[in-house]
Amino acid sequence: MSITPQFLHYHLGSQIPNIRDIRTGVREACRYYVELVEEGAPMRFLDLGGGLAVDYDGSRTSAIHSRNYALEEYCVDVVETIQSVLDEKGIEHPTIVTESGRSTVAYSTVLMFNILDVTGFSDASLPADIDEKASDLVHNLMESYRMLSDKTVQECFNDAVYYRDEARDGFMRGQLDLRTRSQIEQIFMVIMAEVQKIADRNPDALSEPEVLKTMLADIYYGNFSVFQSLPDAWAIDQIFPVVPLHRHLERPTRNSIIADMTCDSDGKIDRFPENGEVSRALPLHEIREGEEYYLGAFLVGAYQETLGDLHNLLGDTHVVSVYINEDGSFDFVGEVEGDSVADVLSYVEYQPNNLLAQFRQTAERAVRNGTISAGERQHLVNAFEAGLRGYTYYEQ
């Protein structure tokens, strides 16, 4: 049986930010299409693959996380390019097929998570007393502090970072003790806080303001896993818009990065879209005692759920499907519970029922040995069972 080609397919990629690249790709594909027709192939379909981009950073530019065209422009340019190339040769127009999965589904999903804790930067104070015989690095840092002004801010910043790094190296080599290193770190943070105040008044004062922003950023610990729910943020440095879901009438005052609840140092988000550029910190509100604080990561509908893995044995999150009506109201049309601890254990070849039976036996032996009481045994077994049924993420 002979097979005659009717379908030409190509794929530029899933995120093509510049419309000129899309037009170039379509034109090249059309040249192949024309040549195949002239060779006698009964061509009927032209598949453009993916490429229709999502404007993750909101800049509407040709930056990698954006796009410099609208959907209508994309459609017009594709059709016009095909038409111009094929009309020149008198070839019938093909049926156009696209695979724009990213742009179709990215907008459909929001990851919502609460903040469990914060490691915050608070303004440090200079050491109360500095011995004249203290390390030269201590005195050098103090001199940088005294010299600090709007005119010298860049020089003092550079010097302070240099002396701080020298102190850390000296500590590693055993040349500085812990108390001296502590003093140096304390003075350094005081200098950085003052540098930040100058940079706030004069945004052009520093050549690399993002470095300072990262140094002073708070760490907000989120109840989620980057590897499970936002794997592209880790794997390919994908930018996702992350914003607070409430307190919108309050100005956020803390520059922050977001860490997840895994024990992996890569489980963090420290790149955020800001005015068409990438910021290394996100403005967030101060956490109030006893009050929940929720963030949302947007445009995550493309690939994130299917790429997510069981890194640190954190399973699928709860999913709620929301239907938005024409009048702006909405309905909850479906809820799917995320993985339980038992589910995740079974994925990695542990049988929850066997684990529970073994735990019961261990608890019963402890009762017989007089280590625990019968009442304590029941409490422990109930807690173990509840843990197996529970969510893999923190729940109150």
Side-chain angles (χ1 to χ4, degrees), residues 12-23 25 50-75 77 100-113 199-200 203-204 206-214 216-220 222 224 226-227 229-248 251-260 266-285 294-305 307-308:
L12 290 178
S14 66
Q15 173 79 7
I16 307 300
N18 196 328
I19 191 64
R20 290 193 297 275
D21 294 331
I22 290 175
R23 292 187 68 132
L52 180 56
V54 173
D55 188 9
Y56 291 99
D57 67 15
S59 66
R60 300 180 183 179
T61 67
S62 60
I64 186 61
H65 299 297
S66 184
R67 70 180 190 191
N68 64 0
Y69 54 91
L71 176 60
E72 183 177 356
E73 181 182 358
Y74 171 86
C75 296
D77 285 3
S100 303
R102 178 188 293 269
S103 64
T104 301
V105 302
Y107 304 92
S108 68
T109 305
V110 178
L111 173 68
M112 185 176 76
F113 56 93
D200 288 342
D204 297 325
L206 289 179
S207 60
E208 297 176 296
E210 289 299 319
V211 175
L212 176 63
K213 187 180 290 187
T214 303
L216 299 179
D218 297 338
I219 302 175
Y220 278 52
F224 76 111
V226 167
F227 306 95
S229 298
L230 295 173
D232 278 346
W234 163 76
I236 59 173
D237 291 330
Q238 175 66 57
I239 296 293
F240 293 102
V242 180
V243 298
L245 296 179
H246 53 155
R247 296 174 63 179
H248 292 164
R251 182 180 295 276
T253 58
R254 308 299 298 183
N255 282 325
S256 313
I257 63 174
I258 300 170
D260 69 8
D266 285 333
K268 62 182 178 180
I269 307 175
D270 59 359
R271 302 172 76 251
F272 307 94
E274 181 180 32
N275 299 323
E277 298 181 356
V278 176
S279 174
R280 300 311 298 264
L282 177 70
L284 293 177
H285 304 93
Y294 287 93
L295 302 180
F298 289 76
L299 305 180
V300 302
Y303 309 123
Q304 302 316 297
E305 186 174 356
L307 284 173

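Because only heavy atoms are used, hydrogens play no part in the values below, and waters and symmetry mates are left out as well, while side chains stay in.
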I need the [X] [atom1] to [Y] [atom2] distance, nearest 0.5 Å.
{"X": "Arg23", "Y": "Asp77", "atom1": "CZ", "atom2": "CG", "result": "4.0 Å"}
{"X": "His65", "Y": "Leu299", "atom1": "NE2", "atom2": "CG", "result": "12.5 Å"}
{"X": "Leu216", "Y": "Arg254", "atom1": "CG", "atom2": "CZ", "result": "9.5 Å"}
{"X": "Tyr303", "Y": "Thr109", "atom1": "OH", "atom2": "OG1", "result": "13.0 Å"}
{"X": "Ser256", "Y": "His285", "atom1": "OG", "atom2": "NE2", "result": "10.5 Å"}
{"X": "Tyr220", "Y": "Leu282", "atom1": "OH", "atom2": "CG", "result": "9.5 Å"}

Of the non-hydrogen atoms in [X] and [Y], which two are nearest, and what is the gap between them?
{"X": "Ile239", "Y": "Pro273", "value": "CG2-CD, 3.2 Å"}
{"X": "Gly296", "Y": "Leu245", "value": "N-CG, 3.6 Å"}
{"X": "Asp21", "Y": "Ile16", "value": "CB-CG2, 3.8 Å"}
{"X": "Leu295", "Y": "Pro244", "value": "CD2-CA, 3.6 Å"}
{"X": "Pro17", "Y": "Ile64", "value": "CG-CA, 4.1 Å"}
{"X": "Gly301", "Y": "Ser108", "value": "CA-OG, 4.1 Å"}

Side chain [X], main chain [Y], donor-acceptor under 3.5 Å:
{"X": "Ser66", "Y": "Thr61", "answer": "yes"}
{"X": "Asp260", "Y": "Val226", "answer": "yes"}
{"X": "Asn68", "Y": "Ile19", "answer": "yes"}

key: Within 6.0 angstrom of Glu73 CD, more than 12 heavy atoms from elsewhere   = yes
Are side-chain heavy atoms of [X] and [Y] found at a separation under 4.5 Å?
{"X": "Gln304", "Y": "Ser229", "value": "no"}
{"X": "Asp57", "Y": "Val278", "value": "no"}
{"X": "Leu111", "Y": "Phe240", "value": "no"}

message = Does Leu230 form a side-chain contact (heavy atoms from CB on, under 4.5 Å) with Val300? I'd like the steps, not just the answer.
response = CA-CA 7 Å; Leu230 295 173; Val300 302; 3.3 Å; yes
task = For the pair Arg67 and Asp55, find out whether any cationic side-chain nitrogen is under 4.0 Å from an anionic carboxylate oxygen.
result = no
inquiry  = Would you call the rings of Tyr69 and Tyr74 parallel, tilted or perpendicular, taking 30° and 60° as the class edges?
reply    = parallel
